[in-house]
Each structure stands twice: as C-alpha cells, then as structure tokens.
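Before any comments, here is the structure.
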Amino acid sequence: MKAIARTPMRVPKTPRAAQAPATTDKRRDLSGKPQDPVNVFCRVRPLQSDADLTCMRVKNNNTITVNTQDQLTHHKQNGAQREIQYIFKHVFQHDASQQDVFTAVALPLVDNLVRGRNSLLFTYGVTGSGKTYTMTGNSRHRGIMPRCLDVLFRTISDYQAKKFVFKPDRLNGFEILSEEDALLERQLEMNQRFAGSGRFGFRRKESDPEIASQASVEPTPLNVLEEDNMYSVFITYVEMYNNSVYDLLEDSGIQKSLQCKIIREDANHQMFVHGVTEVEVKTVDEALEVFQMGQKRKRMGHTVLNAESSRSHSVFNIRLVQAPTDCQGEHVVQDKRTITVSQLSLVDLAGSERSSRTKNTGVRLREAGNINNSLMTLRTCLEYLRENQQLAPNLAKKIPYRDSKITHMFKNYFDGEGQVSMIVCINPRMEDYDENMQVMKFAEMTQEVQIARATPMKTDLGFTPGRRKANKLFKIAVNNLNELGIPEAKQLDVDVGLVYSLGPDFPNYSMDSPEADSKIQELMHYLEQRIEKRRKLRSNMDIKCDNFRQTLMNMDRDNLQLRTELASLKVVYQQERERSAALENKVRIHESSIDVLNNTVSKRERKIQELTLKLSEQEHLVNQKEEEKEKQKKKFNSKLAVESDKNKREFDLKLREQRAKMQERMRIKDEKLRLVSNILQSEDVPSLPRSQSSEDLLNEKERAGTTGVFTARTESSVPATTRTDVYCTPSRHGMAVANNRHRRSRSAGDKWLEHRAANPVPLGTIMQPYLKNRKSVTKLTDMKELTGHGATKYCLVSQEADTDGDVETKLYKGNVIPTCGGGAQVVFNDVECLKQKSPVHSPTRKRPSNGNLSTSAFGGPLPSSVITSVQDVASRCTMGIEGHNSKKSKM
C-alpha cells in the first residue's frame with residue numbers, strides 16, 4: 001500500500017539492548033521459497049446519523065482518501081485540497097454486504113483449508129468500527145465465521161469420517177482409532193448426553209432460532225476436494241484477556257471461573273494452547289451451538305463509545321483433519337504419519353481506545369491498557385519483519401513474539417507456515433480522525449511484510465485415484481444385481497489396487513558439486529525404491545493375467561448358457577405379447593364403462609350444487625331472524641337498565657331520609673347526655689325552665705326536613721341559666737363537704753401525686769411534662785396514699801390511640817382539697833394533651849367511631865363544634881359516673 005502526499009511519521013520504538021544476530025536454520029531454509037505479501041482489506045462502516053461529518057471518501061475499489069482535520073474543521077475553500085490516499089487490496093464501501101466481504105476475503109482461505117494449508121484472518125480497528133459484526137455478524141446478516149463453516153461442511157458433506165475416528169492427543173496432534181474404539185467412544189458420548197453430564201450434556205434436537213438463521217444460506221461447495229480422503233472438523237475457541245489465555249469451551253464443572261492456559265510448541269515446532277478443548281463437530285448447527293456456548297463466556301463491557309465492547313482478543317480455530325483411505329476406499333489407513341492437519345484461525349482483535357474519550361476507570365482502564373499493549377506488540381513484530389526483509393540474514397533483528405500472547409500464538413504464520421490476511425475496519429466519523437490515522441499507518445506498514453508461501457506435504461501411498469468412488473459404484477451395481485435375482489453377484493470382487501507407475505521422473509543432479517557423494521546416496525536409494533516397486537507391479541500383473549484368463553473362460557461358458565436361455569425367452573416373449581393384446585381389449589371395454597360412470601357423477605355434482613344454493617338461501621333467512629332477535633334483546637335490555645336506575649335513585653333518596661332521621665335522634669340523645677353530665681358535675685342544681693321534649697323536637701325536625709328548611713344547630717337548645725336561678729340543695733349521698741375556694745400557703749411549695757399506668761408508652765414528643773417534687777403511683781386503693789405525704793396537686797396520666805393511630809397522652813391536673821370528714825377530694829382544673837405529629841402529610845383515615853356523627857340529616861357534614869361538644873360531653877359524663885362509683889376515696 002502506498003501513501004501519496006503525506007508526511008511520513010515514524011512510530012517511536014522502545015530502545016532495546018544490542019543483541020547478537022540470531023538466525024535459525026528454518027529462517028535460512030525459507031529464504032529460497034516464494035513469498036506473498038499480507039493481504040490487507042478495508043471496510044468502511046456506515047455513518048450512524050446523516051448529520052455526522054466524515055473524514056474519508058472511497059475513491060474506487062482499491063483506494064480511499066482521507067482529508068486532513070484542518071480542512072474538516074475550517075472548511076477551506078481557496079487553495080488546493082490536501083488529501084492522503086491509501087491503497088488496499090480491496091475497499092468495501094458502507095453498502096457492501098456480508099457475502100461480498102466473505103467472497104473476496106475468506107473464501108480463498110477456506111480453499112486453502114481444504115487443500116491442507118494454514119490461514120490466518122484477523123480484524124483490526126478502533127473500538128466501535130464493526131470488527132465483531134464483520135467476523136460473526138448477527139441473526140439477519142451472517143458474518144465470516146458462520147459462512148466459512150457452511151462452505152466447509154457443504155464441501156466435505158459426503159466425505160466425513162465417523163465421529164471419534166480421529167481423536168486429539170492433547171499435544172496438537174491426532175490419533176487414528178479403530179472402528180471398535182470409535183464405536184465405544186460414540187456410545188460413551190451418547191450416554192453422557194442422555195444423563196445430562198459431560199461438557200454439553202443432553203441437547204434438544206430443536207436448535208436455537210438464531211443458530212438456525214445463521215446456517216440457512218446454501219453456498220456453493222468448493223471443487224478442490226480429494227475424494228479418496230476422510231475428513232473431520234475440530235474447533236477451538238480461546239480468548240486473550242489481560243495478556244492471559246482462557247479456554248471458552250472448557251468444562252469448568254463446579255468452578256465458575258476459567259483457568260489460565262499456557263502456549264507451548266509441539267514436535268513440529270507449531271505453537272498451540274496446551275490443554276485446550278477441541279470439539280469434533282459434524283454439522284454447521286452443531287458448530288454454531290458450540291460457538292454460542294463459548295460466546296456467553298466471552299468478556300464484554302460497556303463503554304462511552306461502544307455499548308457492547310469486546311474486552312479481549314478472541315480466536316476461533318477451525319481445524320480440518322484428513323487422511324487417505326485404504327486400497328478399497330472404505331476405511332482410513334491406520335498410520336498416524338498419513339494424517340494432514342490444516343487450520344483456519346479467525347481472530348477478532350479488541351479495538352484500540354483512548355481513555356480520554358472512553359472515560360474508563362478501574363477495571364475498564366486496566367483492560368484498555370492491556371489491549372493497547374498487545375496491539376503495540378503486534379505492530380512492533382510486523383515492523384521488525386519488514387525491516388529484516390531488507391537486511392542481511394546475519395544482521396536480522398530478533399522479533400519479540402513472546403512480549404504478547406497474541407503474537408506468541410501466531411508466530412508460525414509470520415514465519416511462513418500459512419497465509420495471513422487482515423481486514424481493517426474504519427469508522428469514518430470526524431471524531432475518530434486521530435485513531436483512524438494510526439490504523440491507516442499500521443495497515444500501510446503491514447502490507448509491506450512478505451510471508452513465505454507454505455507448501456503442504458502429502459504422503460503418496462501408490463493407491464489408485466478414485467478408488468473410493470469406484471468401490472461405491474461397484475457396491476451399487478452388486479445390490480442392483482441382487483435385487484434382479486442374480487445370486488452370483490455377491491461373489492464378484494472389484495480390483496482398485498496399485499497404480500501402474502514407477503513414480504515421477506528423476507530429479508536433476510549436478511555431479512561436480514561438493515555434495516556429490518550425498519547426492520549419489522540419495523539417487524541409489526531412489527533407484528532401489530523404483531526397483532522394489534517394479535517387482536511388486538510385475539508380480540501383481542502376473543496375478544491379474546491369470547485372473548483375466550480364468551475370467552475369459554468363465555465368460556465363454558456363460559455365453560453359451562445365455563444363448564440357450566435367450567431362445568427360451570423368445571418363446572416366452574411371444575406368449576406374453578398375445579396375452580397383452582387380450583388385456584388391451586379388456587382395457588378398452590372398461591374405459592367405455594368409466595365414461596358412463598363419469599357422466600353420472602357430473603349429473604350428481606350439478607344436483608349437489610343446486611341443493612347447496614338452496615341451503616345458503618335458507619341460512620341467510622335464519623341469520624336475518626337472528627339479527628332481529630338481537631335487536632329486540634338490546635332494546636329490552638336498555639329499558640331494563642333505565643328502570644333499574646330509576647328504582648336505585650328512589651331507594652337512595654329514601655335511604656338518605658331514614659339516615660337523617662336516625663342522626664337527628666342520635667343528636668337529641670347526645671344533648672340529653674350532655675345535660676345529665678352538667679347536672680352531675682355542678683354543685684348546685686339550677687332551676688331549669690321546662691323545654692321541649694325530645695319527641696316534640698324530633699317531630700319538629702321531621703317537619704322541617706320534609707319542607708327542606710332545616711338548619712344544623714351547633715349549640716344546645718336549652719337556654720343558659722343564671723346565678724339567680726340556682727337554688728341550694730342538700731349534698732348527694734356519700735359525697736363529703738369540701739370548700740372549693742380552699743387555698744394553701746404557697747411558701748411550702750406544691751407536692752405532686754402522679755397517677756400513671758404501670759408500663760407507660762414513651763411520649764416521643766418535643767415538649768415533655770415537668771412536675772417538680774412529685775411522687776408517682778400506679779394504683780390508688782387507699783385514701784392514705786392521697787393524704788399521707790401531704791400532696792397538694794394531683795395529675796392523672798392517660799394514654800390512648802387516636803383515630804389516626806398515633807399515641808395521644810392526656811394529663812388531667814387538679815387540686816387536692818381536704819373534706820370535712822378528714823378525707824380529700826380532687827378538683828380538676830386543667831387538661832394537657834401531648835401528641836406526636838409527622839411533618840409529612842399522611843392521608844386521612846376513615847373514623848369508624850364517629851361515622852354517624854359526621855353527617856347531617858341530609859347526608860352533609862356537621863360542624864366541627866357540634867362533634868367536639870358531643871365527644872366532650874361523653875367523656876365528662878364517663879368521668880362523673882366513675883367518680884360516684886368509687887367508695888374507698890372521696891374525690
């Protein structure tokens with residue numbers, strides 16, 4: 001990729017200590033191989049809003065231009081526009097479909113996978129640029145990963161080996177199991193699934209709708225398959241989180257957290273994750289189900305720039321294992337050295353981000369730092385690879401693959417063990433200008449890196465090509481002959497043995513080179529192999545010649561038998577022709593009868609149509625009658641509702657009248673109780689003029705209610721009496737004479753007697769009662785308790801719950817006055833009420849005790865003064881009655 005009209009910028013590197021030139025034999029061997037550049041593609045994400053400003057423009061399918069930030073902010077109109085152009089292998093515009101990206105980028109990698117070559121594809125870009133969408137997609141638009149699986153399984157659908165024929169050896173290799181061992185493994189897996197144990201337990205046959213939608217497209221299979229091989233697909237799914245490797249498919253069991261894995265090198269110098277879970281899958285649905293299981297464990301997070309941001313690098317490996325079949329093309333050759341393993345690694349790199357924009361703190365900030373460090377290590381390794389290509393082998397720098405897990409794991413790809421491709425995802429918003437420029441510089445540098453082209457080595461066993469298909473066709477022919485009744489077909493045998501070829505031509509050797517002796521030894525070994533193969537082929541040819549002579553003799557004998565059978569069959573054939581002619585005559589007679597029956601059936605059908613028409617007319621009449629009935633029903637229902645509403649109003653009116661009468665009677669009774677209470681509490685009996693009787697008052701109220709001129713009264717109907725109307729009466733029985741005007745000397749001070757309950761409720765009020773020089777008692781059973789210690793004041797503490805449910809405390813205070821009999825009585829002169837109220841307004845509650853007193857005769861509310869006076873009268877009357885019942889103390 002080339003950049004035009006831009007100032008080159010060098011990325012600052014961390015200074016390293018001088019190291020000795022390190023070149024391996026492997027690197028020297030790769031120097032003579034053909035090399036390919038890293039394929040870099042660019043995909044532009046659509047703008048989220050039409051109001052967003054863009055800093056990029058797609059010029060053609062290979063070029064994208066970037067405007068400088070000054071031009072975007074100041075909108076310069078005069079002078080030449082300075083643009084930066086970047087050239088890619090292909091540029092996908094914002095309207096490019098997922099299928100277009102897959103066809104151009106990933107389909108060649110699937111072709112390499114089937115051919116036995118390794119491939120690496122990774123997405124790179126800032127956070128929120130569409131990397132995960134490009135790699136995995138969603139339920140409506142499938143990404144690269146599900147499409148690769150779909151093409152792969154459609155290509156090898158008829159050539160897959162049975163499950164557990166290939167088994168991982170936990171060291172990045174595979175073993176070949178016999179048919180008996182593979183059958184035992186399959187039975188064990190089935191038992192675990194039905195028992196609900198194991199890694200995946202029992203799974204229902206109905207797949208996830210999202211998985212089914214991702215596997216619904218039918219792509220075209222590839223035509224690069226070797227039909228004489230058996231294939232199996234294994235997948236692994238790991239992630240690099242905070243520079244540690246975790247297996248997303250691990251069967252953690254009771255442990256909820258995943259265990260960290262390590263990266264090792266196998267016997268073939270290939271890097272792999274030690275102890276990773278390799279799952280064998282046979283269909284696309286099964287593979288996507290395993291992927292979704294690992295996706296649930298993948299670490300995702302919410303940031304300011306992306307609601308679902310990947311917080312780790314995820315690696316999804318598709319491993320294709322293939323091995324040749326035996327000479328009959330039925331079973332895999334039981335030789336571990338014939339196995340060919342190819343791998344396609346799909347890497348979704350986490351996006352680089354700036355903490356000043358994402359506002360990350362704590363764990364998110366640490367994650368972002370580790371992501372940026374790993375991406376910087378990847379950039380450093382690629383830059384060192386590019387520089388080493390321009391230096392002599394003895395001056396090459398040591399590439400720091402081990403500084404990051406992501407580069408350590410894919411070291412083999414950069415050393416020439418497979419094809420490397422990269423998709424650069426760009427968000428063209430003006431806010432991401434700085435981040436996009438860094439991504440463009442990395443892509444420019446990456447495309448200049450050359451990777452050695454890998455050549456897979458496959459073992460040639462000398463078997464006949466196409467033997468598997470030939471054996472299959474031979475078996476189909478044998479089955480067809482058995483169905484035709486030829487039992488000799490079971491004794492036939494197909495010969496798809498060795499290929500009659502001594503091998504490729506002799507290689508070119510130069511005998512004057514210093515290594516002539518070693519070359520002569522290799523040539524002698526090559527000639528010995530050809531001589532041995534020639535001997536084997538000659539012996540095989542002699543056997544086949546003898547078989548061919550025997551076959552010719554058998555065919556001559558069979559030919560004679562067939563001629564005899566043919567003559568007899570001709571006679572039988574003539575007889576069958578005569579019989580068929582007679583049957584044709586019968587068929588013509590039956591056809592004429594069928595025509596007559598068809599005419600009769602048509603007449604019956606016309607009659608059925610007429611009857612059906614009449615039936616529909618009758619049903620129409622019935623429906624009309626039903627509609628009329630419904631109308632009459634609705635009419636009567638409306639009349640019934642009107643009458644019921646009228647009766648309800650009349651009933652409510654009568655009910656209110658009766659309620660008013662009852663309330664008026666109750667008010668008259670309360671007035672009588674108040675008068676009785678006044679009489680009981682007063683010392684002298686006043687001379688009261690005769691007032692109207694309760695019956696007269698009630699009759700008067702009823703008459704007033706019928707005329708609608710009644711008014712609620714708030715005061716007593718009895719006129720107040722004056723002191724001149726009071727006359728003296730003798731004292732009541734049991735009541736001692738006392739002087740109500742008695743005054744004690746104030747120099748001695750007041751002594752209080754506090755009478756309260758045994759377990760009083762805490763007041764909880766701001767104002768607290770203060771009684772100096774007091775004595776508290778809970779019971780008054782003897783007069784001496786009142787007069788014994790010289791108390792002059794008495795305080796009765798009463799606690800009860802008000803109508804709102806709050807605690808109300810009342811303090812009844814009075815003077816202790818001596819009586820003529822030597823006792824004492826209490827004259828109450830003050831009442832204090834303590835109540836705790838909340839500053840927050842609470843909803844009013846219904847007062848069930850005063851429900852009948854709060855309405856007037858016409859259903860309206862009574863004045864508060866009337867309700868208060870009635871309650872006060874009731875309480876005073878209660879106190880008076882309790883005072884007269886006390887016999888032990890005179891109060």
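The analysis underlying the following values was restricted to heavy atoms, covering all of them including side chains, and did not include hydrogens, waters or symmetry mates.
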Exercise for the section: Dump the intermediate steps for side chain to side chain donor-acceptor pair (under 3.5 Å) on Asn112 and Gln419, then the final yes or no. Expected result: CA-CA 9 Å; Asn112 291 341; Gln419 182 178 351; 2.6 Å; yes
Side chains of [X] and [Y]: is there a donor and an acceptor less than 3.5 Å apart?
X	Y	value
Thr236	Arg319	no
Ser345	Asn317	yes
Tyr159	Glu226	no
Glu444	Thr446	no
Asn172	Gln270	no

Do Val424 and Tyr86 come close enough that some side-chain heavy atom pair is under 4.5 Å? no
*Are any non-hydrogen side-chain atoms of Ile451 and Asp36 less than 4.5 angstrom apart?*
no
Kindly say whether [Y] contributes a backbone atom to a donor-acceptor pair with the side chain of [X] at under 3.5 angstrom?
X	Y	result
Thr54	Pro428	yes
Lys131	Val126	yes
Thr407	Tyr401	yes
Asn412	Met271	yes
Asp247	Leu258	no
Lys298	Val238	no

If the threshold is 4.0 Å, N to carboxylate O, is there a salt bridge linking Arg147 and Asp150?
no
Note to self: Taking the basic N atoms (NZ, or NE/NH1/NH2) and the acidic carboxylate oxygens, is any pair closer than 4.0 Å for Glu280 and Lys163?
What the structure shows: no
Hits for side-chain contact (heavy atoms from CB on, under 4.5 Å) against Gln390, two or more places apart or cross-chain, chain-then-number order -> none
Query - CA sep, side-chain torsions, deciding dist, call: Asn242, Asn370, side chain to side chain donor-acceptor pair (under 3.5 Å) - result: CA-CA 5 Å; Asn242 288 339; Asn370 289 321; 2.6 Å; yes
Query raised in the report: Taking the six-membered ring where the residue is Trp, are the ring centres of His90 and Phe88 under 6.0 Å apart?
Result: no
Asp266 meets the salt bridge (Lys or Arg N to Asp or Glu O under 4.0 Å) criterion, sequence neighbours left out, with none
So the salt bridge (charged side-chain N to carboxylate O under 4.0 Å, His left out) pairs with at least one residue in residues 96-114 (sequence neighbours excluded) are Asp111-Arg115
Point to revise | Phe174 and Phe234 aromatic ring geometry - parallel, tilted or perpendicular at 30°/60° bounds | key: tilted
Exercise for review: Please assess Asp403 against Thr377 for the test side chain to side chain donor-acceptor pair (under 3.5 Å), listing each intermediate value before the final yes or no.
Suggested key: CA-CA 7 Å; Asp403 289 355; Thr377 304; 5.4 Å; no
In this structure, CZ of Arg45 is separated from CZ of Arg429 (nearest 0.5 Å) by 8.0 Å
To the nearest 0.5 Å, atom SG of Cys148 lies from atom CG of Leu344 at 5.5 Å
Between Leu349 and His313, the two heavy atoms sitting closest are CA-ND1, 3.5 Å
Heavy-atom nearest pair, Pro108 first then Thr103, reads CD-O, 3.8 Å
Q: Begin from the C-alpha positions of Phe410 and Phe122 and carry the test ring-ring contact (aromatic ring centres under 6.0 Å, His included) through to its verdict.
A: CA-CA 11 Å; Phe410 299 112; Phe122 60 93; 8.1 Å; no
